[in-house]
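Just so it is clear, the model here is predicted, and its values are computed rather than measured. In what follows, chains are A, B, ... by sequence order, proteins preceding strands, each numbered from 1.
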2 protein chains.
Amino acid sequence: MRSESGPKRPVTLDDVARAAGVSQPTASRVLNGSARKVAESYRERVLEAARALGYTPNLPAQAMARGTSRTIALVTSLISDPYFGALAAEILKQAEAVGLHVSIAVTERRADRELDLVRELRGQQPRAIILAGSGSVDPPSEQPLVDELRRYEETGGRVVLISRSDLPFDTVDFDNHEGARQLARELAGIGYRRCLVLGSDTPLLSMRRRVEGFVHGLADAGVAGARVRHPQFSWVGARDVVLGLSNDELRDLQLVFAVTDDMALGALAGLRERGLRIPEDIGVAGFDDITTLRDVVPALTTVHVALDAVAEEAVYRATTPDPEPTRRTVPAYPVVRASTPRLLS
Amino acid sequence: MRSESGPKRPVTLDDVARAAGVSQPTASRVLNGSARKVAESYRERVLEAARALGYTPNLPAQAMARGTSRTIALVTSLISDPYFGALAAEILKQAEAVGLHVSIAVTERRADRELDLVRELRGQQPRAIILAGSGSVDPPSEQPLVDELRRYEETGGRVVLISRSDLPFDTVDFDNHEGARQLARELAGIGYRRCLVLGSDTPLLSMRRRVEGFVHGLADAGVAGARVRHPQFSWVGARDVVLGLSNDELRDLQLVFAVTDDMALGALAGLRERGLRIPEDIGVAGFDDITTLRDVVPALTTVHVALDAVAEEAVYRATTPDPEPTRRTVPAYPVVRASTPRLLS
DNA sequence: TTGTACGCGTTATCAC
DNA sequence: GTGATAACGCGTACAA
């Protein structure tokens, strides 16, 4: 049976001060850091009283009094996605390391939700808002979002963007173009020529960069004219494209490169349904190097992104004032694995 | 170049009221629901002013004035883990559906961190605290945590536990015992006899239940004496156990069951390193049915858990007062896939 | 229906 | 070094 005494009032600073026989400001100075000094005897009594009463500062009240909170808001597309999950995890870790709380909201890839969420989150008075993912190739349509973020920034908040190069705020991203380009060069170097590139039907800048980078990389190596498709941005979308290829097209291919690991695996599933063996009959490569895929066989060739570095940089920017929008690009580099063995020519 | 006008003050209800030519309480009644009615003309002017100024309610201030916030705090072990990631995602979705914000903190499986986090989160004045994962088999050691949670509860907060049956609060879990038991019966039914069970070296009640359930299931089917090991609770731990088996032990086995999919995959990797083919030489089964593993080959036999139902129930409990601690058990059921084909006896 | 006055828990400014 | 007192933005009795 639970105690029936009805909702008690939480223990406040006042309670602690009274119990310790000091004034409330003094208790405040002891418990929540202040420049001012407090006599040792008082200090001990306050700490003792706080411990005995189980005092915890009321963060909303602190935030209001101080005018700034220790919370950062993270807006992400889809946390169940292993890629965003990993990114969110890294951000949580970094934030915690500097004593910040994190409030997470998901857009589920809907641009309008994004705007609403930012507006709502602004109400939480977070110290910073981090926007991860999404990022349209169509900047003008983002104007309302930019306005909203600007307003937030004007009141002292920090805005940090991850992996979206379209908005005029501090941005951390990785080198989508260069990563894909180097991957293409390496693969061309071990014999791959006839490639199918799977982009995305969504207007995501980062995905477009990956497609462009890959095509450039092939061109660097003297391979021209990769086929490019833009299926639905998902495992299923990639699989469906493969399932829709004619037998001739399929037979002709040596490699499928998809702009995410998730899609690469969809393609892989589709290729298997079509009766092809991976990697004996055809190679597959992705992008992201998602940890949770380490058990896929054959091990997937992909482009690795240092998410920990991305998160660290993002949290750093989120806590560091910065008069001008800055862009930091974290390198991405290819990792060739069993899904793309060297081809004998 | 960014505007240099220095941090402006955010737009407050007062600003809106002034702009609309009404009193602050009237603006409050219009913008943030109140029982009281406001004349239509006033209503419109307030709404218009709010829109024009870009007003967003200051949530911490609201929380303080109302004495309750619209935030729930989620404490989880490890969000990068696909299992917890999926659970967190479902909770975010459910919370959003009822208009609640979510603040996430990770314990990284350290019991002391858990206590600290709860204390800290309490300061955020969330409407509820949801604890997911962990859950020691050693309840006495949790007393400080229980005390802290009780204190929180006494001030009107709700406490909900997911998948840990050791504490006297509202609990949502899934039937670890029964799920594993039925899996064992099904596998025994298609010929599996000589099994290695991989538990966990951590004192987690849910994992212990899975081990017990599996052994019971085997017993139900007349199979006695499964070997049980308790490796480190991770992919690597499971793999290492397999790598450490003698050739004789290995040859004798027909199945490895691990208490999580993650560990099952570790075991699978280890088995392959030992030169065994899966499933031709030996079967492998896990628990959790993690979505992101759909591309593992062979498809992993496992126990499915309806995380969406778990999340829904948890958020429901988090928002519904309840005089007595209640337990709700969500079913878990085996899903037999290619990693455990029928054995010819 | 509307406005005045006060309180929520905390920090900051200022005398002492 | 310490303690009154005034903010912070909002909700809500209460009076008008």
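- Applying the 4.0 Å criterion to OP1 and OP2 of C:dT10, one finds that A:Asn32 has every side-chain N and O outside that range.
- For B:Arg127, the salt bridge (charged side-chain N to carboxylate O under 4.0 Å, His left out) test picks out no residue, with sequence neighbours left out.
- By the salt bridge (charged side-chain N to carboxylate O under 4.0 Å, His left out) test, B:Arg43 is found to be paired with no residue, residues two or more places apart in sequence or in another chain being considered.
- In this structure, A:Arg66 atom CZ and D:dA6 atom P are separated by 22 Å, rounded to whole Å.
- Residues from residues 11-20 of chain B that place a heavy atom under 4.0 Å from any atom of DNA chain D, listed by number: B:Thr12, B:Leu13.
- Ion pairing of A:Glu153 with A:Arg122 is absent here, as no side-chain N (NZ or NE/NH1/NH2) approaches a carboxylate O to less than 4.0 Å.
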If you look only at distance, which donor and acceptor atoms sit under 3.5 Å apart when one is on a side chain in residues 309-316 of chain B and the other is two or more places apart or in another chain?
from: B:Glu313; atom 1: OE1; to: B:Arg328; atom 2: NH1; distance (Å): 2.4
from: B:Glu313; atom 1: OE2; to: B:Arg317; atom 2: NE; distance (Å): 3.3
from: B:Glu313; atom 1: OE2; to: B:Arg317; atom 2: NH2; distance (Å): 2.9

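- Within residues 48-58 of chain B, the residues that have a heavy atom under 4.0 Å from DNA chain D are, in order of number, B:Tyr55, B:Pro57, B:Asn58.
- Distance CZ (B:Arg70) to C1' (D:dC10): 16 Å, rounded to an integer number of Å.
- Stem regions annotated for DNA chain C: C:3-16 with D:1-14, counting only runs of 3 or more consecutive pairs of Watson-Crick or G-U type with both contacts under 3.5 Å.
- Partners of A:Glu90 under the salt bridge (charged side-chain N to carboxylate O under 4.0 Å, His left out) rule, at least two apart in sequence or in another chain, do not exist in this structure.
- With a 4.5 Å cut-off on side-chain heavy atoms, B:Leu92 and A:Ile104 count as touching.
- A sub-4.0 Å separation between OP1 or OP2 of D:dC10 and a side-chain N or O of B:Gln62 is absent.
- Judged as a salt bridge (charged side-chain N to carboxylate O under 4.0 Å, His left out), and not counting sequence neighbours, the contacts of A:Asp14 are A:Arg18.
- With sequence neighbours excluded, the residues satisfying side chain to side chain contact (heavy atoms under 4.5 Å, CB included) with B:Gln124 are A:Leu59, A:His101, B:Ser103, B:Leu121, B:Pro126.
- With a 6.0 Å cutoff to the six-membered ring centre and a 45° limit on the axis angle, A:Arg164 does not count as a cation-pi contact of A:Phe169.
- Whole-Å rounding puts the B:Leu59 CG to D:dC8 C1' distance at 15 Å.
- When rounded to the nearest whole Å, the span between CG of B:Leu31 and P of D:dG11 equals 9 Å.
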Salt bridge (Lys or Arg N to Asp or Glu O under 4.0 Å) assessment of A:Glu96 paired with B:Arg113: CA-CA 11 Å; A:Glu96 193 190 291; B:Arg113 286 268 320 137; 2.9 Å; yes
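- A:Thr326 places a side-chain N or O within donor-acceptor distance of the main-chain N or O of A:Glu324, the cut-off being under 3.5 Å.
- For residues 45-73 of chain B, every residue pair satisfying the salt bridge (Lys or Arg N to Asp or Glu O under 4.0 Å) rule, not counting sequence neighbours, is listed here: B:Glu48-B:Arg51.
- Under the side chain to side chain contact (heavy atoms under 4.5 Å, CB included) criterion, A:Ala318 pairs with A:Ala128, A:Ile130, A:Val160, not counting sequence neighbours.
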Pick out the pairs of N or O atoms, protein on one side and nucleotides 2-4 of chain D on the other, that lie under 3.5 Å.
from: D:dT2; atom 1: OP2; to: A:Ala39; atom 2: N; distance (Å): 2.7
from: D:dT2; atom 1: O4; to: A:Arg36; atom 2: NH2; distance (Å): 2.7
from: D:dG3; atom 1: OP2; to: A:Ser23; atom 2: N; distance (Å): 3.3
from: D:dG3; atom 1: OP2; to: A:Ser23; atom 2: OG; distance (Å): 3.0
from: D:dG3; atom 1: OP2; to: A:Thr26; atom 2: OG1; distance (Å): 2.5
from: D:dG3; atom 1: N7; to: A:Arg29; atom 2: NH2; distance (Å): 2.7
from: D:dG3; atom 1: O6; to: A:Arg29; atom 2: NH1; distance (Å): 3.4

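- Remark: C1' of C:dT10 and CD of B:Gln125 are 12 Å apart, rounded to the nearest angstrom.
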